[in-house]
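Down below is the structure, laid out as structure tokens.
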Protein chains: 2
Amino acid sequence: MLETVQKTTDLSARERFVTVAAELFARNGYDGTSIRDIAREMGVTPGAVYAHFVSKAGLLLAVYKTGVERISSAVDEEIHASTDPWTNLERACWRHLEVLVAENGFAKVVIRVLPTDIEEVAGELTTLRRQYEERFRRLIDALELRAGTNRNLLRLQLLGALNWTQVWYRAEHADLADIAHALVENLRRGTEIQDGDA
Amino acid sequence: MLETVQKTTDLSARERFVTVAAELFARNGYDGTSIRDIAREMGVTPGAVYAHFVSKAGLLLAVYKTGVERISSAVDEEIHASTDPWTNLERACWRHLEVLVAENGFAKVVIRVLPTDIEEVAGELTTLRRQYEERFRRLIDALELRAGTNRNLLRLQLLGALNWTQVWYRAEHADLADIAHALVENLRRGTEIQDGDA
DNA sequence: CAACTGAGTGAACGTTCGTTCATTTTGTAG
DNA sequence: CTACAAAATGAACGAACGTTCACTCAGTTG
């Protein structure tokens with residue numbers, strides 16, 4: 001399949017659909033958002049959606065892909081930034097939070113919509129999620145941990161805490177960098193008072 | 001309003017509706033479950049639901065109430081069981097996990113269905129959730145923590161990790177008591193290797 | 001036996017859903 | 001100016017949704 005002729009056609013129309021869908025899926029969920037809602041927000045009729053996407057599930061898949069892409073590249077910027085693996089982990093968490101609770105809804109959809117709930121694309125969605133989470137596996141592999149620590153569980157514990165922020169975080173809360181720092185520090189040093197603490 | 005005559009009518013019919021609804025809401029979500037699905041599972045026609053509940057949202061509210069009740073009473077059994085507050089917290093987490101990933105779907109619904117998604121009962125659902133989470137506030141208040149530790153964030157971090165298990169936990173995983181122990185221990189002592197560790 | 005009650009029926013209601021498609025509009029290239 | 005392709009229309013499709021309601025039916029109760 002040659003691609004000698006690059007697509008000069010407007011990609012931004014499709015992209016605008018994806019952006020609008022991401023916002024609505026993030027706010028109201030997949031089932032809570034109708035094709036008509038998306039069309040209305042775009043200022044077009046429902047049929048127009050199907051000039052760009054094969055189905056509603058296909059549109060969700062496009063949103064998911066972009067969401068994973070964005071949060072992945074944000075985290076990738078930090079993954080080897082420092083020589084201290086704990087610092088790298090903390091920065092990755094910070095970027096994860098930033099993308100997750102930032103104004104645009106792409107990453108929110110990835111966390112909010114459970115892959116298994118949309119049967120038609122469940123496999124693809126699961127794969128995309130795994131792709132992203134793999135980064136945290138590597139970040140945690142780089143840590144020197146107490147003997148017997150279950151790294152897999154630690155990863156899930158951290159991701160759980162991070163993703164749950166979507167439920168409670170409001171803009172008036174503390175800075176995201178502070179939250180990321182505290183979450184990682186709690187898991188690094190522990191929270192119990194120690195002999196010798198001030 | 002006197003209640004001199006106790007209700008001798010069959011409560012178990014209503015309760016069976018709630019149980020079936022809990023299972024389906026937990027498995028397929030609120031939007032993903034229709035009144036017809038619930039009726040079919042009960043072996044009745046859709047209209048029968050409205051002899052017991054004012055609306056679908058009302059049925060969800062009943063499920064939520066039972067869910068919060070069950071997980072609350074399970075956690076309450078452990079909340080003051082020991083004189084060591086860390087032990088109490090760990091046991092509470094263990095019971096939380098048990099109820100959450102156990103076979104019946106009541107507690108799953110409480111975690112899976114976001115109160116804000118069902119506008120008609122959003123206020124009530126939020127209140128019920130808060131009631132439950134209050135228990136963890138008290139459990140964490142009882143801990144002696146390093147100076148400067150944000151107890152509120154610690155609570156959210158722990159609840160996030162606990163509730164996220166719903167996404168990844170499968171029966172073949174480690175024992176829930178072990179998981180609860182590890183999650184709390186990670187936050188208590190930290191996971192970083194220390195001088196003097198074996 | 002008659003009156004009553006609560007549970008359930010079965011069919012229908014109005015609405016909304018995802019999706020289709022022949023047709024029109026729009027924009028670009030020869 | 002013409003030709004072509006992409007984008008969007010607008011109306012409609014069948015299906016599924018939550019909900020209603022006059023009714024039957026079974027099981028107490030006096």
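Protein chains get the first letters and strands the later ones, always in sequence-line order, with residue 1 at the start of each.
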Per-nucleotide protein contact string for nucleotides 9-25 of chain D (B base, S sugar-phosphate only, - none; heavy atom under 4.0 Å): BB-B----BBBB-----

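Residues in residues 24-51 of chain A take part in these ring pair (Phe, Tyr, Trp, His ring centres under 6.0 Å) pairs, two or more places apart or across chains: A:F25-A:Y30. Identified under the side-chain hydrogen bond (donor to acceptor under 3.5 Å, both in side chains) test for residues 160-179 of chain B, with sequence neighbours left out: B:H96-B:N163. Annotation: ring pair (Phe, Tyr, Trp, His ring centres under 6.0 Å) contacts involving residues 99-129 of chain B, sequence neighbours excluded, are absent. Each side-chain hydrogen bond (donor to acceptor under 3.5 Å, both in side chains) pair with one or both residues in residues 111-130 of chain B, not counting sequence neighbours, appears once here: A:R112-B:D117, A:D117-B:R112, B:Y64-B:R129.
Between the CG atom of A:L60 and the P atom of C:dT19 there is a distance of 12 Å, given to the nearest Å. Look at CD on A:E15: it is 12 Å from P on D:dA7, rounded to the nearest Å. Computed from coordinates, the B:F53 CZ to C:dG6 P distance equals 16 Å when rounded to whole Å.
Considering every non-hydrogen atom in both B:L153 and A:A182, the closest pair reads CD2-CB, 3.4 Å.
For D:dA6, the OP1/OP2 oxygens have no side-chain nitrogen or oxygen of A:H52 closer than 4.0 Å.
For B:V49, the side-chain contact (heavy atoms from CB on, under 4.5 Å) partners at least two apart in sequence or on another chain are B:F17, B:I35, B:F53, B:L59.
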